[in-house]
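Written below as structure tokens is the structure these notes are about.
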Amino acid sequence: MQVLGIYYYWVFAILLMIGFYAVIAKLNLVKKLIGLTLFQAAVFLLYIAMGKVEGGTAPIYGASAAVFSSPLPQVLILTAIVVGISTTALGLGIVVRIKEEYGSIQEDEIQEIDRR
Amino acid sequence: MSGQQTILMAVTLPLFGALGIALAGRIGANFREAATLLTAVALAYCVWSLAPSLLEGARPAVSVAEVLPGIEIAFAVEPLGMLFAALASLLWIINSLYSIGYMRGNREQRQTRFYVMFAISLAATIGIAFAANLFTLFLFYEALTFATYPLVAHKGDKSTVASARVYIGVLLTTSIGLFLPAIIWTYAAAGTTDFTAGGILEEKLRGPAVGLLLALFVLGIGKAAVMPVHRWLPAAMVAPTPVSALLHAVAVVKAGVFTVTKVIVYIFGIDHLFASPGTGWLVYAAAFTIVAASVVAFRQRNLKRLLAYSTVAQLSYVVMAAAILKPLAEIGAAIHIVAHAFGKITLFFAAGAIYTAAKKTELHELRGIGRRMPITMAAFTIGALSMIGVPPTGGFVSKWYILAGAFEADNYVALFTIVASTALNAAYFLPIVYMAWFAPESGKPPPTHGEAPWPSVLALSLTAALTIAFFLFNGPVLELERQVVAAP
Amino acid sequence: MSPLAAQMPALQVVVPMLMAPFVLLLPKGLSWAAAAAASLLAFGIAAQLAATVIDSGPVAYQMGSWPAPYGIELGVDALGALLLVVVTGASSLALVGGRASLAAAVTEEREHYFYAAWLLALAGLAGIAVSADAFNIFVFMEISSLASYVLVAGGPDRRALPAVFKYLMMGTVGATFYLIGIGLIYMATGTLNLADMDLRIAGVADKEPILAAAGFITVGLALKAAIFPLHVWLPNAYTYAPHIATAFLAACATKVSLYVLLRFDFFVFQQNLSGHALQFSAYLMPLAILGILVGSGVAMFERNVKRLLAFSSVAQIGYIMLGASLVSIGGLTAATLHMFNHALAKGGLFLAIAALAPVAAGLRLKDMGGMARRAPWTFAAFVVAGLSLIGVPGTAGFVSKWYLISAAMELGAPGIALIGVMVLGSLMAVVYVWRIVESACFGKPPENAAQAAAVPRPLGAAIWAAALANVYFGIAPGLPLRLSSSAAASLLGHVPT
């Protein structure tokens, strides 16, 4: 069961591709951003999954358990989540400005307006 | 002043002169032109003061900066460069005189820019003449292209700009596309680009590669106008006549053939080149250019374009002479640079004087003009005779040496070409001369103009005198140039 | 070393980063002065660091004195120092000269936000150059990217908004790819420190995840660095950004990503993946060549001057990649040197555009008509920087082209084709630069153009500083050359020969 045994990587890959598809194929800018968020979330899962140790608990100093999950990926991903949120917030901010200026958040319509 | 300081002075003087001309231009036209003449005289003094020590065998050199390891901006004066610099600086004085008459007579626009760019072009020319290695030469070669662009495009209307585009397009394409790779190849093969007596490529490059590198150089040095890279020269004729006269009969084009000669003598070495296979084609290419350009010139109806094609042909004399690869022919190449310069600048001066006085540019309009402008047409006649190579003009001397070199090398292609082109030159110059002196004047009402403004007439008389003087007093020049081919 | 000098690598980032919130707190009239002062200080630090690197080799710094690989390490080597000088220099020049131009582009009540974002972008870019840790590079990359999105969108042109949205999308995808790549490496090696990574990958038995990581990292960074064909975000972002911001970003933003790309591909992967050099050349050389030809080709026919220069940037990135993809000392020297030289030329050109734009009615080619007479000094500097872009001898651009051609010549016969590409690219550069020159010299000024052209003095000084630097480093390229040749040597120090 080698292939299914690493199912979390499958989740990562599928989620990544769903997000990537939305980024590329969707014309609605908000949907694109949702895709981008999914895309990033998939990578967060990759990191969290790699740090997990079978049967390990939260790495808290002084706890009785002998097996810990690796804390470093979690710390890293905490940072990455902050980065991701900032990106999404900025992206949404830009979409709001686009809506104000162009009256649309459809990529093709915006291109049409600019071409005129 | 030591030789080194003089060299640096000579290269930078026109630049400071340009600054002075720009500032003087704000005060008034007279000051500007005084500044130009002053700079020209000072430059000529500077350059000529180097000549006596050079005749005694001194070779002053100075290094300015090392750009890359083994690649430096450096100057060294040797006989060929000395001759070229001396020629350019002398003719600049006369040309400045002429410019004053021409630019005022034709009420040209933006004269200050004209004089400023002219001075910068001269700085680049002196830089080419004194360059101690290919890199420095290339630096000033490109600078000369850019500095002359505003002069060619001076008029600024649509067709002029289009011609100027051809001008800079051809010159930059060839220099970046072929000349630069050739320099880098030379550097990669020899580890240096210094001009050295006897060449630097012997032992380093052999076989057909030599011929290929030679082709890169000859076609890359677009300023030498060997066909098929000659198109820029007729295009440059849209410039005001003083530009055509000094730059496109002397400074720019001679920079081209000078560079070719220098590459052949000091980079390849004539003996090495003579012994290498696949290098004989250059004589044929030059011969073809001479004949083809003469035929094209024969068919021209516009005086300046005719002169331009005649220049293309005459430049290839120099290239062919250098490519004969015999000492006498190399001397011929060097003195043809001088002889042609005197003759051709006279012809251009005359063409410009005719335009200034009579607004005539086409050949058929010149009927009987010798009676209205006798001095101009007399000078024109002398220039034309020099182009054909009739004694007592300078053109005869250089042809003599080239012929002697061709005999020495048993190069019958070169011999035949010289004979044929002499006939062609006569065929397109003599009818003009005849028409100007002996044909009845046409045009109603009959023209009333006289000679061009006196500075122009003075200038063209001086160059015509020089053309004859060069026939009579060429001893020092010959002595100097013998050193080029003397055993190192 | 004095105690302060020892802290230079940290201060390089800390100074602009701490100044950013201060700019928000200070009275509005002072925000420009504070930003410019911080930027100049950062430039001073970068110059000091470069001097140290030239004298005594790479500088390493342990954050909080925790030893690497456990603590966070900062390190400045020759390549990093070169890049720091470029980043801080471009920022300082643009800020010092750009006050008036930015005041016209950014409304007064938002000005201090803009300067704060500028400093964050500066801190992020500098942070990438000093980080010796893969994850920190990611964080700094995102700081700089987020801040530069703000800079691009800060101007009055609404077309900047869709452009910046595209930039954000592609930038984030690129950064996330990079993150996946370092995640894969971390899984295999358990380290994020670049030097440590290099050591440990050698011991990894199964190299396939590392290979995948190399792919993710290279593609992700290629997106950020706008390597053809991943450059589509660049032209519009550069075109519609405020001119001064364009000058800053065009000079250094993509180069910092290229720097990370070179670091990973040469420091980390080169030695440890068999056949990496071959793959690197095989994939990137064609892209570099296409980038040169397509970028220059589009620029030749482009009508908007800023977008013309932006496409020229795509081509110039191609030159850098071409040098890198030769995987030789000569090629990498040329590539890193061209990073510096192109920053000089392009920075100067965009600064000149910032000065010319208010004089012209617009930025179309025909709006440049008569510019040579309306703003002669500025335009003269523009021509000098343009000549450097072409690679005319006597300018900085020539030196890197010379090295690039020499490096290609080492290849023998295949090198001839590369030289052909470079020569063709240079000739195309002649065409697109000359189109602007011709229009400016001989075109008719448009009817609605402002009559008297007044270029603000600080901007004029900045433009001429850039133009003269192009000439100076064309005649005396010693300093950047020493840095870039030692950078090339250390990048290739891992290649077993």
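This is a predicted model, so every value here is computed, not measured. Labels below follow one simple rule: chain letters A, B, ... track the order of the sequence lines, proteins then strands, and each chain is numbered from 1.
The contact between A/F20 and chain C is made entirely by side chain atoms (from C-beta outward), counting heavy-atom distances below 4.5 Å. With a threshold of 4.5 angstrom between heavy atoms, C/I143 does not approach chain A through any atom at all. With a 4.5 Å cut-off on non-hydrogen atoms, A/I98 touches chain C through its backbone and its side chain both.
Per-residue heavy-atom pair counts under 4.5 Å with chain C were compared for A/L16, A/I113, A/L72, A/L29, and the maximum is reached by A/L29. For the options C/R159, C/M170, C/K166, heavy-atom pairs under 4.5 Å to chain A are most numerous at C/R159.
The local environment of CD in C/E108 is sparse, with at most 12 non-hydrogen atoms from other residues, nucleotides or ligands closer than 6.0 Å. More than 12 heavy-atom neighbours from other residues, nucleotides or ligands sit within 6.0 angstrom of CD on A/E100. Atom OH of C/Y113 sits in a sparse spot, with 12 or fewer heavy atoms from other residues, nucleotides or ligands closer than 6.0 Å. The environment of A/Y21 atom OH is sparse: at most 12 non-hydrogen atoms of other residues, nucleotides or ligands sit within 6.0 angstrom.
Of the possible polar contacts, none joining the C/Y149 side chain to the A/L90 backbone as a donor-acceptor pair under 3.5 Å is found.
To the nearest 0.5 Å, the span separating CZ on A/R97 from CG on C/L161 amounts to 5.0 Å. For the atom pair A/T87 OG1 and C/L168 CG, the distance stands at 6.5 Å (nearest 0.5 Å).
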- Query: Going through the distances and angles, do A/V23 and C/T172 end up as a side chain to side chain contact (heavy atoms under 4.5 Å, CB included)?
  - Reply: CA-CA 11 Å; A/V23 168; C/T172 308; over 6 Å; no
- Task: Apply side chain to side chain contact (heavy atoms under 4.5 Å, CB included) to the pair A/Y47 and C/M187, showing each step before the final yes or no.
- Result: CA-CA 9 Å; A/Y47 270 74; C/M187 281 159 73; over 6 Å; no
- Step by step, would you call A/L33 with C/M169 a side chain to side chain contact (heavy atoms under 4.5 Å, CB included)? CA-CA 8 Å; A/L33 268 178; C/M169 281 296 183; 4.0 Å; yes
- Task: Go through C/F138 and A/T79 one step at a time and tell me if the side chain to side chain contact (heavy atoms under 4.5 Å, CB included) criterion holds.
- Result: CA-CA 10 Å; C/F138 167 75; A/T79 317; over 6 Å; no
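C/Y186 approaches A/P73 most closely through the heavy-atom pair CE2-CG, 3.7 Å.
Under the 4.5 Å side-chain criterion, counting only non-hydrogen atoms from C-beta, A/V43 is not in contact with C/Y178. Between A/K32 and C/F165, the closest side-chain pair of non-hydrogen atoms falls below 4.5 Å. Within the 4.5 Å cutoff, the side chain of A/L76 has no heavy atoms near those of the C/L179 side chain.
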